[in-house]
Participant: 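The structure's right below; bear with me while I get my questions together.
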Amino acid sequence: APDTLLSIQIFPFEATLKLLVTRDVTQLEKVSVVHRDFVANVSHELRTPLTVVGGFLETLLDLEQPNRDIEHRYMRMMQEQTRRMQRLVDDLLTLSRLESHSGEHREEDVNLSLLLQMLAQEAEGLSGGRHVVVLENHGPAWLRGNRDELHSALGNLVSNAVRYTPEGGCITLRWQKQGDGVCFSVCDTGIGIAPEHLDRLTERFYRVDRSRSRDTGGTGLGLAIVKHALLRHQAQLDIRSISGEGSTFSATFPPERIVNR
Ligand code: ADP
């Protein structure tokens, strides 16, 4: 009888312990897979430009006679690859700062209407006159938040709109009241996104078309940065898109973030 009693007492305890340990290990395994994939992705993203730069350097060193034209051409291509690595490292640092909630996160009243004007100018600069940029500004609006993070989040939406919209397309930036909150959106008439990709777009390094994104200078981290910067402001990201017709990315800020001036 004492044995039975003992086993009755121990059994549920053991089972719970086993369950807890299993759950913990599964969680750890998941984290470790995500971590491993991330390291593999970063290494892969860096290896390509490094190999290209290495190859150009070797060719330059092997030149039997100095040739200003070839040297110049190769140096330009190395510069392009170096910039690509720089962008990747900058984005990695931004993302890691946002994810770990480290670094300074000073909040102030940000003039959304002015930010929108700056972003429209940036869109025009990036587009180089190849798109029509429309700004729908509904008067003054102020948000409580971190200016740099907001600029970087909304700026990434704008640069994506330019990147994924063919020449002649239209990019519209607007803010409007939504309930008691404010919604900022970037709408493009670009290539659009098929529905099966929408859920995964904000994952780090997730791309619908790898070569297109790289060719146009994308690091694959833009929307992950957008997501984390918006999370810090309790804002919600909505993506609507029709393949071949265009996309609308909207960030909706809750009433607590609106400043009445
Ligand atoms: P990338 O640097 O590759 O642009 P992002 O994280 O910014 O990385 O975007 C992830 C992917 O989402 C892109 O590779 C692209 O396939 C898709 N995407 C993002 N914005 C748009 C857009 N406005 N139109 C069409 N596809 C887009």
Side-chain angles (χ1 to χ4, degrees), residues 34 37-38 40-42 44-49 80-81 83-99 116 119-120 122-127 130-136 149-174 183-232 235-251:
V34 170
D37 287 355
F38 180 63
N41 273 323
V42 173
H44 179 75
E45 295 292 330
L46 283 172
R47 194 173 57 184
T48 317
E80 177 52 37
Q81 296 300 326
R83 286 190 178 142
R84 184 172 151 188
M85 288 187 270
Q86 182 75 52
R87 274 198 303 274
L88 179 65
V89 173
D90 286 348
D91 276 2
L92 280 170
L93 286 174
T94 305
L95 190 57
S96 120
R97 224 185 35 241
L98 285 169
E99 275 184 322
L116 215 68
L119 290 168
E122 281 174 28
E124 272 167 358
L126 287 170
S127 153
R130 289 176 297 117
H131 305 92
V132 179
V133 178
V134 178
L135 173 62
E136 270 186 30
E149 287 173 16
L150 290 172
H151 195 146
S152 145
L154 306 180
N156 267 308
L157 297 181
V158 169
S159 57
N160 276 350
V162 175
R163 185 174 296 142
Y164 300 107
T165 302
E167 191 162 349
C170 180
I171 293 156
T172 308
L173 278 69
R174 67 166 70 93
C183 173
F184 167 92
S185 59
V186 183
C187 179
D188 66 55
T189 57
I191 60 171
I193 303 153
E196 66 268 26
H197 295 289
L198 290 179
D199 280 353
R200 301 196 56 193
L201 282 190
T202 57
E203 283 176 25
R204 299 179 289 192
F205 296 115
Y206 188 84
R207 290 150 159 144
V208 175
D209 177 346
R210 291 196 162 262
S211 55
R212 183 180 183 120
S213 159
R214 288 212 193 88
D215 286 352
T216 48
T219 61
L221 295 172
L223 289 179
I225 292 178
V226 172
K227 177 177 122 180
H228 285 280
L230 292 182
L231 265 179
R232 270 199 162 185
Q236 190 186 321
L237 176 67
D238 282 307
I239 310 172
R240 280 166 209 206
S241 188
I242 300 177
S243 209
E245 286 190 23
S247 316
T248 299
F249 287 74
S250 331

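Atoms within a ligand are numbered from 1 in the order they appear, just like the ligands themselves. Since this is a predicted model, take the numbers as computed values, not measurements.
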Participant: For atom 27 (C) of ligand 1, what's the nearest protein heavy atom and its distance?
Facilitator: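 For this ligand atom, the closest protein heavy atom is Tyr164 CD1, 3.6 Å.
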Participant: Nearest to atom 7 (O) of ligand 1, what protein heavy atom do you find, and at what distance?
Facilitator: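 Here the closest protein heavy atom is Asn160 ND2, 2.8 Å.
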Participant: Enumerate the atoms of ligand 1 whose separation from the nearest heavy atom of Gly218 is less than 4.0 angstrom.
Facilitator: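 So the answer, numbered in order with elements, is 2 (O).
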Participant: Answer with yes or no whether Asn156 contacts ligand 1, where contact means a heavy atom under 4.0 Å from a ligand atom.
Facilitator: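 For ligand 1, residue contact (heavy atoms, under 4.0 Å) with Asn156 is absent.
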Participant: Say you draw a straight line from CD1 of Ile193 to CD1 of Ile239; how long is it, rounded to the nearest 0.5 Å?
Facilitator: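 Reported to 0.5 Å precision, the distance equals 6.0 Å.
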Participant: With the side chain counted from C-beta on, respond yes when Arg232 and His228 share a heavy-atom pair under 4.5 Å apart, and no when they do not.
Facilitator: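 No, side chains not in contact.
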Participant: Using a 4.0 Å cutoff against the non-hydrogen atoms of Thr219, which atoms of ligand 1 qualify?
Facilitator: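 Listed by number with element: 2 (O).
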Participant: Check Thr48, Thr219, Leu46 against Arg84 for a side chain to side chain contact (heavy atoms under 4.5 Å, CB included) and give me the one that passes.
Facilitator: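 Checked Thr48, Thr219, Leu46 against Arg84; only one passes side chain to side chain contact (heavy atoms under 4.5 Å, CB included): Thr48.
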Participant: Is the closest heavy-atom distance from Gly220 to ligand 1 below 4.0 Å?
Facilitator: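 The answer is yes: ligand 1 sits under 4.0 Å from a heavy atom of Gly220.
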Participant: Can you tell me which residue and heavy atom of the protein come closest to atom 26 (N) of ligand 1, and the distance to 0.1 Å?
Facilitator: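 Answer for atom 26 (N) of ligand 1: Ile193 CG1, 3.3 Å.
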Participant: Name the option, out of Leu223, Asp209, Ile191, that contains the heavy atom nearest to atom 5 (P) of ligand 1.
Facilitator: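 The residue whose heavy atom sits nearest atom 5 (P) of ligand 1 is Leu223.
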Participant: Who's the nearest protein heavy-atom neighbour of atom 3 (O) of ligand 1, and how far?
Facilitator: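 For this ligand atom, the closest protein heavy atom is Ser213 OG, 2.4 Å.
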Participant: Please indicate whether Arg212 has more than 12 foreign heavy atoms, meaning atoms of other residues, nucleotides or ligands, lying under 6.0 Å from its CZ.
Facilitator: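 Counting other residues, nucleotides and ligands, CZ of Arg212 exceeds 12 neighbours.
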Participant: Show me which atoms of ligand 1 lie under 4.0 Å from any heavy atom of Arg207.
Facilitator: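 Counting atoms of ligand 1 from 1, those under 4.0 Å from Arg207 are 3 (O), 14 (O).
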Participant: Apply side chain to side chain contact (heavy atoms under 4.5 Å, CB included) to Val186 and Ile171, showing your working.
Facilitator: CA-CA 7 Å; Val186 183; Ile171 293 156; 4.2 Å; yes
Participant: Report the part of Val226 in contact with ligand 1, treating N, CA, C, O as backbone and CB onward as side chain, heavy atoms under 4.0 Å; options are side chain, backbone, both, neither.
Facilitator: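 Val226 to ligand 1: no contact under 4.0 Å from either part.
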Participant: Determine whether the side chains of Ser247 and Ser241 contain a donor N or O and an acceptor N or O closer than 3.5 Å.
Facilitator: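 Present: a donor and an acceptor within the cut-off.
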Participant: Phe38 vs Leu92, test: side chain to side chain contact (heavy atoms under 4.5 Å, CB included). Steps then yes/no.
Facilitator: CA-CA 11 Å; Phe38 180 63; Leu92 280 170; 3.5 Å; yes
Participant: Does Phe205 come within less than 4.0 angstrom of ligand 1, counting non-hydrogen atoms of the residue?
Facilitator: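 Distance cut 4.0 Å: Phe205 fails for ligand 1.
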Participant: Just to verify, which of Leu237, Leu230, Ile225, Val226 counts as forming a side chain to side chain contact (heavy atoms under 4.5 Å, CB included) with Thr202?
Facilitator: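 When side chain to side chain contact (heavy atoms under 4.5 Å, CB included) is applied between Thr202 and each of Leu237, Leu230, Ile225, Val226, only Leu237 qualifies.
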Participant: Which atoms of ligand 1 sit under 4.0 Å from any heavy atom of Arg163?
Facilitator: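 Checking each atom against Arg163, I get 1 (P), 2 (O), 4 (O).
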Participant: Does Leu154 form a side chain to side chain contact (heavy atoms under 4.5 Å, CB included) with Leu116? I'd like the steps, not just the answer.
Facilitator: CA-CA 9 Å; Leu154 306 180; Leu116 215 68; 5.8 Å; no
Participant: Based purely on interatomic distance, does Val208 place a nitrogen or oxygen under 3.5 Å from a nitrogen or oxygen of ligand 1?
Facilitator: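 Among all N and O atoms of Val208, at least one is under 3.5 Å from an N or O of ligand 1.
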Participant: For Arg204, is there an ion pair with Glu99 - N to carboxylate O distance below 4.0 angstrom?
Facilitator: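 Salt bridge between Glu99 and Arg204, a charged N being under 4.0 Å from a carboxylate O: yes.
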Participant: Before signing off on this row, confirm whether Tyr206 and ligand 1 have an N or O atom pair separated by under 3.5 Å.
Facilitator: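 For ligand 1, there is no N or O atom that lies under 3.5 Å from one belonging to Tyr206.
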Participant: What protein heavy atom is closest to atom 23 (N) of ligand 1, reported as residue, atom name and distance in Å?
Facilitator: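 Among all protein heavy atoms, the one nearest atom 23 (N) of ligand 1 is Asp188 OD2, 2.9 Å.
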Participant: For atom 17 (C) of ligand 1, which candidate among Leu201, Ile239, Val158, Thr202 provides the closest heavy atom?
Facilitator: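 Selected option, by shortest heavy-atom distance: Leu201.
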Participant: With side chain to side chain contact (heavy atoms under 4.5 Å, CB included) as the criterion, how do Leu223 and Phe249 come out once you've worked through the C-alpha distance, each side chain's angles and the decisive distance to 0.1 Å?
Facilitator: CA-CA 10 Å; Leu223 289 179; Phe249 287 74; 3.9 Å; yes
